[in-house]
Amino acid sequence: MPFAEIGRDIQKAVNHLRNGEIIGLPTETVYGLAANALDVAAVLRIFETKQRPHFDPLICHVSSLDRIPQWVSEFPDVLMELARMFTPGPLTLLLPKRSLIPDLVTSGLDRAAFRVPAHPVAQAVLEQLDFPVAAPSANPFGYVSPTTAQHVAAQLGNTIPFILDGGPCAVGLESTIVGLEDGKVTVYRLGGVSIEAIESVVGQLQLQINQSSNPKAPGQLKSHYAPRKRLILNQLSDLSKSISTQRKQAFIGFDSYTDLLPREHQFLLSENGSMQQAAQRLFDLLRTLDQSDFDEILAIPVPEQDLGRAINDRLRRAAS
Ligand code: TXA
Ligand code: MG
């Protein structure tokens, strides 16, 4: 029996955080495993609970942009411009930290990651706190991120006292991480704000999305966001090569079915071709299939544009 209480009491969440507890916190991207970022003991317990290596830094959450400058030594204009455009929302900014932010939070890096979530429930909690809230996604390290309170309870319910229920996450993919690299706007993780949207504000940007182990942004480890079952990602034209009569296979498609598998084995991310809906459904579908009696999962990439790029990034990592 999970020990965590799942509830909607915002005050209870605030009290737990003030008392140095860690809780499940809803955001519009995914659920976070939240604690006071200034409380090193609480932050240590986040790492323990997630079984996350200490070299993988945490994102700090605050209720509004004007609460960030007190924790950072600099807020470059171009990042401020992006922040004004996409905040509150699924954007995380890497900014040079002040020493007030514990090194444990940033894994010893000079920059801290800051984000202002748009979810009204997260807002209501953060508004009442005078410290930033460190929150990685509320899943065991390497697994698919949770997009409902029930997802959090299923895996971490035995280790935390409270999960604040804010309903299913509207975005469904983690935040996009941006920062400056030699003065150039750089995206380190594809996420809920598309490259196209960022480029419409700052012009061309550079991508530094790592496919392998990288101490700078270990969340980009190639095998991440992965279900326990084997997931095979292929172009539609190559899909037939992966069809097996020995194994019960599920198929994840974007908006259309394939003739290669029985219809009842097929799951569409969005029947009407909405990228937003596809993003919102992806992680829940991966979890559902992981718990089903299918032996393996076949998937094809969605169109490589807008949120589709982040969806494909997660599918690739789920497949490795
Ligand atoms: O949407 C999100 O960002 C969610 C919600 C809960 O806010 N959080 C989330 O956190 O996805 P997490 O811990 O699962 O992923 C955070 C990633 C790290 O793995 C790392 O790649 C990057 O953010 N990151 C955090 N702090 C960083 C830093 N100081 N420098 C470089 N990368 C950093
Ligand atoms: Mg994560």
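Atoms within each ligand, like the ligands themselves, are counted from 1 in listed order. The figures here come from the full heavy-atom set of this structure, side chains too, leaving out hydrogens, waters and symmetry mates. One is the number of the first residue; the rest follow in order along the sequence.
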Peer 1: Select the closest option to atom 30 (N) of ligand 1 among Leu58, Leu109, Leu33, Val116, judged by heavy-atom distance.
Peer 2: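 Answer by nearest heavy atom: Leu109.
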Peer 1: So do the side chains of Ile198 and Val187 get within less than 4.5 Å of each other, counting heavy atoms only?
Peer 2: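 Side-chain contact under 4.5 Å: yes.
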Peer 1: May I ask you to check whether Arg115 has an N/O atom sitting below 3.5 Å from an N/O atom of ligand 1?
Peer 2: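 Yes, there is a polar N/O contact under 3.5 Å.
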Peer 1: Anything protein N/O/S under 2.8 Å from the Mg ion (ligand 2)? Just list residue and atom, please.
Peer 2: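 Sorted hits: Ser137 OG.
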Peer 1: Under 4.0 Å between a Lys/Arg side-chain N and an Asp/Glu carboxylate O for Lys248 and Glu296?
Peer 2: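 The answer is no: the pair does not qualify as a salt bridge.
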Peer 1: Is any side-chain heavy atom of Val201 less than 4.5 Å from a side-chain heavy atom of Leu82?
Peer 2: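 Side chain of Val201 against side chain of Leu82, heavy atoms only: contact under 4.5 Å found.
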Peer 1: Would you say CE of Met80 has more than 12 non-hydrogen atoms from neighbouring residues, nucleotides or ligands within 6.0 angstrom?
Peer 2: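 Yes - once you tally the heavy atoms of other residues, nucleotides and ligands closer than 6.0 Å, there are more than 12.
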Peer 1: Hey, do the aromatic rings of Phe294 and His265 have their centres closer than 6.0 Å?
Peer 2: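 Ring centres of His265 and Phe294 closer than 6.0 Å.
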Peer 1: Tell me whether Lys241 is salt-bridged to Asp238, with the criterion being a basic N under 4.0 Å from an acidic carboxylate O.
Peer 2: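 Result for this pair is yes, salt bridge flagged.
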Peer 1: For ligand 1, which atoms, with element, lie under 4.0 Å from some heavy atom of His61?
Peer 2: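 Counting atoms of ligand 1 from 1, those under 4.0 Å from His61 are 5 (C), 6 (C), 7 (O).
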Peer 1: Taking the non-hydrogen atoms of Lys97, is any one of them nearer than 4.0 angstrom to ligand 1?
Peer 2: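 No, that is not the case, since the closest heavy atom of the residue is not under 4.0 Å from the ligand.
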Peer 1: With heavy-atom distances below 4.0 Å as the criterion, list the atoms of ligand 1 near Ser175.
Peer 2: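 Near Ser175, meaning under 4.0 Å from one of its heavy atoms, ligand 1 has 1 (O), 2 (C), 3 (O).
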Peer 1: Going by the order shown, which atoms of ligand 1 are within less than 4.0 Å of some heavy atom of Ala135?
Peer 2: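 Ligand 1 atoms under the 4.0 Å threshold to Ala135: 6 (C), 8 (N), 10 (O).
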Peer 1: Heavy-atom distances under 4.0 Å decide this one: backbone, side chain, both or neither, for Arg111 against ligand 1?
Peer 2: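 Backbone only.
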Peer 1: Which of the numbered atoms in ligand 1 are under 4.0 angstrom from any heavy atom belonging to Asp56?
Peer 2: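 Going through ligand 1 atom by atom, the ones under 4.0 Å from Asp56 are 18 (C), 19 (O), 20 (C).
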Peer 1: Side chain or backbone of Glu28 under 4.0 Å from ligand 1, or both, or neither, by non-hydrogen atoms?
Peer 2: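 Near ligand 1, Glu28 shows nothing, with every heavy atom at 4.0 Å or more.
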Peer 1: Which of the listed options, Thr106, Val105, Thr29, Ile177, holds the heavy atom that is closest to atom 22 (C) of ligand 1?
Peer 2: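 Nearest option to atom 22 (C) of ligand 1, by heavy atoms: Ile177.
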Peer 1: Carefully, step by step, assess Ile300 and Leu236 under the rule side-chain contact (heavy atoms from CB on, under 4.5 Å).
Peer 2: CA-CA 6 Å; Ile300 57 170; Leu236 185 57; 4.3 Å; yes
Peer 1: So which of Pro26, Ala138, Gly179, Ser137 gets nearest to atom 9 (C) of ligand 1, if we judge by its closest heavy atom?
Peer 2: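 Result: the heavy atom closest to atom 9 (C) of ligand 1 is in Ser137.
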Peer 1: Consider side chain to side chain donor-acceptor pair (under 3.5 Å). Of Arg189, Arg115, Arg314, which one does Glu174 pass it with?
Peer 2: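 The residue from Arg189, Arg115, Arg314 that satisfies side chain to side chain donor-acceptor pair (under 3.5 Å) with Glu174 turns out to be Arg314.
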Peer 1: Which atoms of ligand 1 are found less than 4.0 Å from any heavy atom of Pro136?
Peer 2: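 Ligand 1 atoms under the 4.0 Å threshold to Pro136: 10 (O), 12 (P), 13 (O).
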Peer 1: How about Glu304: does its CD atom have over 12 heavy atoms from other parts shown lying under 6.0 Å from it?
Peer 2: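 It does: Glu304 CD has more than 12 such atoms within range.
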Peer 1: Relative to ligand 1, is Leu25 under 4.0 angstrom through side chain, backbone, both or neither, heavy atoms considered?
Peer 2: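 Under 4.0 Å from ligand 1, Leu25 contributes no heavy atoms.
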Peer 1: Can Arg8 and Asp165 be counted as an ion pair, charged N to O under 4.0 angstrom?
Peer 2: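 Yes, this pair counts.
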Peer 1: With sequence neighbours excluded, what pairs up with Phe86 under the ring pair (Phe, Tyr, Trp, His ring centres under 6.0 Å) test?
Peer 2: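 With neighbours one apart ignored, the set is empty.
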Peer 1: So is there a nitrogen or oxygen of Arg52 less than 3.5 Å from a nitrogen or oxygen in ligand 1?
Peer 2: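 Yes; the residue has a nitrogen or oxygen that sits under 3.5 Å from a nitrogen or oxygen of the ligand.
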Peer 1: Can you check whether Val62 reaches Phe131 side chain to side chain, under 4.5 Å on heavy atoms?
Peer 2: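 Result no, sub-4.5 Å side-chain heavy-atom pair not found.
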Peer 1: Looking only at non-hydrogen atoms, find the nearest pair between Ala135 and Gly32 and report the distance.
Peer 2: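 Heavy-atom minimum between the residues: CB-CA, 4.2 Å.
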